[in-house]
Amino acid sequence: MKKIAIIGSGPTGIYTFYSLLKTKIPLAVSVFEQADEAGVGMPYSDDENARFMLANIASIEIPPLFITYLDWLRRQDQAHLARFKVDKASLHDRQFLPRLLLGEYFRDGFLTLVKEAKTQGFEVNVHESARVTDIDAAPEGVMLSVNGKPHPARFDRVVVATGHVWPDEDEATRSFFPSPWSGLMDARIPACRVGIMGTSLSGLDAAMAVVMQHGHFADQQFILDKGSEALRIVLMSRTGILPEADFYCPIPYEPLSILTESAVESEIAKGADGLLDRVFALMVKELELADPEWCQAISLHDLNADNLLEAWYEDRKRHGPFTWAEENLKEVERNKRERRTVAWRYAVLRLHDVVSEIVPALNERDRARFQAGLARVFIDNYAAIPPQSIRRLLALREAGIVSVAALGDDYDMDIGSGQTVITHHGHTMRFDVFIDARGQKPLKTKDLPFPTLRKQLMETGDDIPDVSADYTLRSPESIRGRIAFGAIPWLMHDHPFVQGIIECAEIGDAIAKGVHQPAAGARRKLSWVEG
């Protein structure tokens, strides 16, 4: 049997193992998980989350592990679900539920996966509290170091499924957290001025982690504890715009009519010059077909790939963040009750994945244009957040605790030992505690945490790991096909929207197929672009 090592047992590692099992070809699979419990994943673990934090994905979208998430929930004890304020009788497949419950689903799925694999003749070894500290790949196989010591086995293929990479907790101080996952969950935050960089769900969750130390929600109101009156939180971003609430739409997605995958492939074949603008023109036609009234309202025909973003945010800027959030929440909840789809929102949602296929083929100028414009439109659209998160934010605003600031592109941030100071447009804001919640940044080869592999890849001269369609490293040639590289921060350069459970499942499926039938084609390679 081929010997396969999977480093990381979060969603990418789990779906890779699950896809290997579905091939029905027995393998010797070793799973290495640095946490003390395999099969959960950092975004859903109880070390990094609290019960009130919601997953931004519902059962209807989650690729099943043997059974759907909803069916798994229905098998759980009512008393257990009640601990998370979940009513078993009202469960449905479009519901946003606590991340910790999703972590339990993955853990149960992983344990079932291990049991079923052994039944089918797989040899399975699960190593918990096992941090892989080095990868040494050679033509004859791959050796690992685990917790700083050589592991005795030699592997035919190693799958790097290490997930997100956040700053270490030792980089945090009592007054500055470089990410919401660098000790914030365990920190005692006093009632003071708190700044949070980021207005997405991560930023809102960071705010929740703070406020829940100083009060509680009751009937959609937030009741502040006595003695915590000094608590003030400012959410900041370049635009000062809050995300919209998740909207109703048909799932699985309906096919596009004009900007199809084959249309994109045809445009790519014509060459990089003018590619972004040609695809944008097709995108306009798709939107005009889907929702002509909305297109006319924003004068879409007069816009381009650079200024669509401004028109996209115009209404929200005019109304203000909280007024817009309140109106948007009412609209979304009404549409969900009536099962009504807003055509233009749904069209943009379906467009983001197919348009992302052009990113590796863009020239340097158009890559920068895409990042500054269309990418932000797509991210705002698909990163719509649970309505309950909006309701909580509005309650915090009503309680006088939370405000939002638009910093623009030109601002200064000074992280001091006692305070963080933000200066923008001639204004100065001082914060006793500051949390950077801007999310995952793309990483380069030099950021790899495995010294030997890092050295091998650096010698190729590639800023970014060069991978095949099955995610195996293509260079150096001496280790080609030995390592499947499914670590999200290093894939974001040519797949800007790769973060998510659905993407993890797709990566895992491609890696598993490549174990038995290596992919012939290479993924289109993109040079590194800062920002």
Side-chain angles (χ1 to χ4, degrees), residues 253-290 295 300-301 303-312 344-383 440-444 462-471 474 485-486 488-500 502-503 506-507 510 519-531:
Y253 296 157
E254 297 172 351
L256 294 167
S257 300
I258 296 170
L259 191 51
T260 61
E261 290 187 8
S262 60
V264 167
E265 289 172 1
S266 297
E267 294 302 327
I268 291 173
K270 294 177 185 177
D273 290 345
L275 174 59
L276 178 61
D277 296 311
R278 294 197 304 272
V279 168
F280 182 80
L282 293 176
M283 180 176 160
V284 168
K285 291 181 179 179
E286 187 77 56
L287 286 164
E288 288 178 332
L289 179 65
C295 294
L300 181 61
H301 195 71
L303 301 176
N304 56 43
D306 303 305
N307 58 22
L308 174 62
L309 180 67
E310 184 177 346
W312 180 265
W344 61 267
R345 283 196 178 100
Y346 187 40
V348 173
L349 180 63
R350 291 174 290 157
L351 281 164
H352 89 267
D353 214 20
V354 67
V355 172
S356 72
E357 292 298 314
I358 73 171
V359 175
L362 294 173
N363 59 37
E364 186 173 345
R365 174 179 174 272
D366 283 351
R367 286 199 301 273
R369 291 174 61 206
F370 179 81
Q371 289 175 339
L374 279 184
R376 295 186 191 179
V377 169
F378 288 134
I379 290 171
D380 178 73
N381 173 261
Y382 77 71
Q440 179 68 63
K441 297 178 176 63
L443 298 179
K444 299 183 182 182
D462 291 330
D463 284 341
I464 302 297
D466 185 8
V467 298
S468 302
D470 62 6
Y471 293 88
R474 290 170 49 82
F485 205 87
I488 287 171
W490 288 269
L491 299 177
M492 291 170 66
H493 63 284
D494 70 345
H495 192 341
F497 314 126
V498 74
Q499 303 179 71
I502 297 171
E503 289 75 16
E506 291 173 349
I507 292 169
R523 285 166 57 88
R524 291 184 294 273
K525 189 167 185 297
L526 176 66
S527 300
W528 175 260
V529 179
E530 291 288 352

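All values derive from a computational prediction rather than experimental measurement.
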- Task: Please round to the nearest 0.5 Å and tell me the distance separating atom CG of Leu362 and atom CD of Glu364.
- Result: 11.5 Å
- Task: If the plane angle is over 60° it's perpendicular, under 30° parallel, otherwise tilted; pick one for Phe497 and Phe378.
- Result: perpendicular
- Message: For the residue pair Arg350 and Tyr346, would you count it as a cation-pi contact if the rule is NZ or CZ under 6.0 angstrom from the ring centre and within 45 degrees of the ring axis?
- Response: yes
- Query: Do NZ/NE/NH1/NH2 and the carboxylate oxygens of Asp463 and Lys444 come within less than 4.0 Å?
  - Reply: no
- Task: Determine whether Val467 and Trp490 make a side-chain contact, defined as any pair of heavy atoms from C-beta on separated by less than 4.5 Å.
- Result: no
- Message: For Tyr382 versus Pro496, what's the shortest heavy-atom pair and its separation?
- Response: OH-O, 4.3 Å
- Item | Value rounded to 0.5 Å, distance of CD in Glu503 from CD1 in Ile488 | 8.0 Å
- Message: Looking at every heavy atom in both Ala361 and Leu275, which two are closest together, and how far apart are they?
- Response: CB-CD2, 3.9 Å
- Query: Atom SG of Cys295 and atom NZ of Lys285: how far apart are they, to the nearest 0.5 Å?
  - Reply: 13.5 Å
- In terms of heavy-atom contacts, Ile507 and Gly486 come closest through CG2-CA, 4.2 Å
- Query: Distance-only, no hydrogens or angles: does the Arg278 side chain make a donor-acceptor pair with backbone N or O of Asp273 under 3.5 Å?
  - Reply: yes
- Pair Leu443-Ile464, side-chain contact (heavy atoms from CB on, under 4.5 Å): steps then yes or no: CA-CA 8 Å; Leu443 298 179; Ile464 302 297; over 6 Å; no
- Message: Restricting to ring-ring contact (aromatic ring centres under 6.0 Å, His included), what partner residues turn up for Trp344, sequence neighbours left out?
- Response: Trp294, Trp312
- Note on the structure: Val498 and Met492 have their tightest heavy-atom pair at CG1-CG, 3.6 Å
- Salt bridge Lys270-Glu267, side-chain N to carboxylate O under 4.0 Å: yes
- Message: Between Val359 and His495, is there a side-chain heavy-atom distance shorter than 4.5 Å?
- Response: no
- Query: About how many Å separate CZ of Phe370 and OG of Ser356, when rounded to the nearest 0.5 Å?
  - Reply: 7.0 Å
- Minimum heavy-atom separation for Leu289 to Ser257, with atom names? CD2-CB, 3.7 Å
- Heavy atoms, side chains only, cut-off 4.5 Å: are Leu374 and Leu309 in contact? no
- Message: Restricting to non-hydrogen atoms, name the atom on Met283 and the atom on Leu351 that form the minimum distance, rounded to 0.1 Å.
- Response: CG-CD1, 3.7 Å
- Could you tell me whether a side-chain N or O of Asn304 sits under 3.5 Å from a main-chain N or O of Asn307, the two making a donor and an acceptor? yes
- Salt-bridged, Asp277 to Arg369, with N to O below 4.0 Å? yes
- So, Thr260 side chain and Leu256 main chain: donor-acceptor pair closer than 3.5 Å or not? no
- Query: Could you go step by step and tell me if Asp366 and Ile358 meet the side-chain contact (heavy atoms from CB on, under 4.5 Å) rule?
  - Reply: CA-CA 10 Å; Asp366 283 351; Ile358 73 171; over 6 Å; no
- May I have the step-by-step check of side-chain contact (heavy atoms from CB on, under 4.5 Å) for Tyr253 and Asp353, ending in yes or no? CA-CA 11 Å; Tyr253 296 157; Asp353 214 20; over 6 Å; no
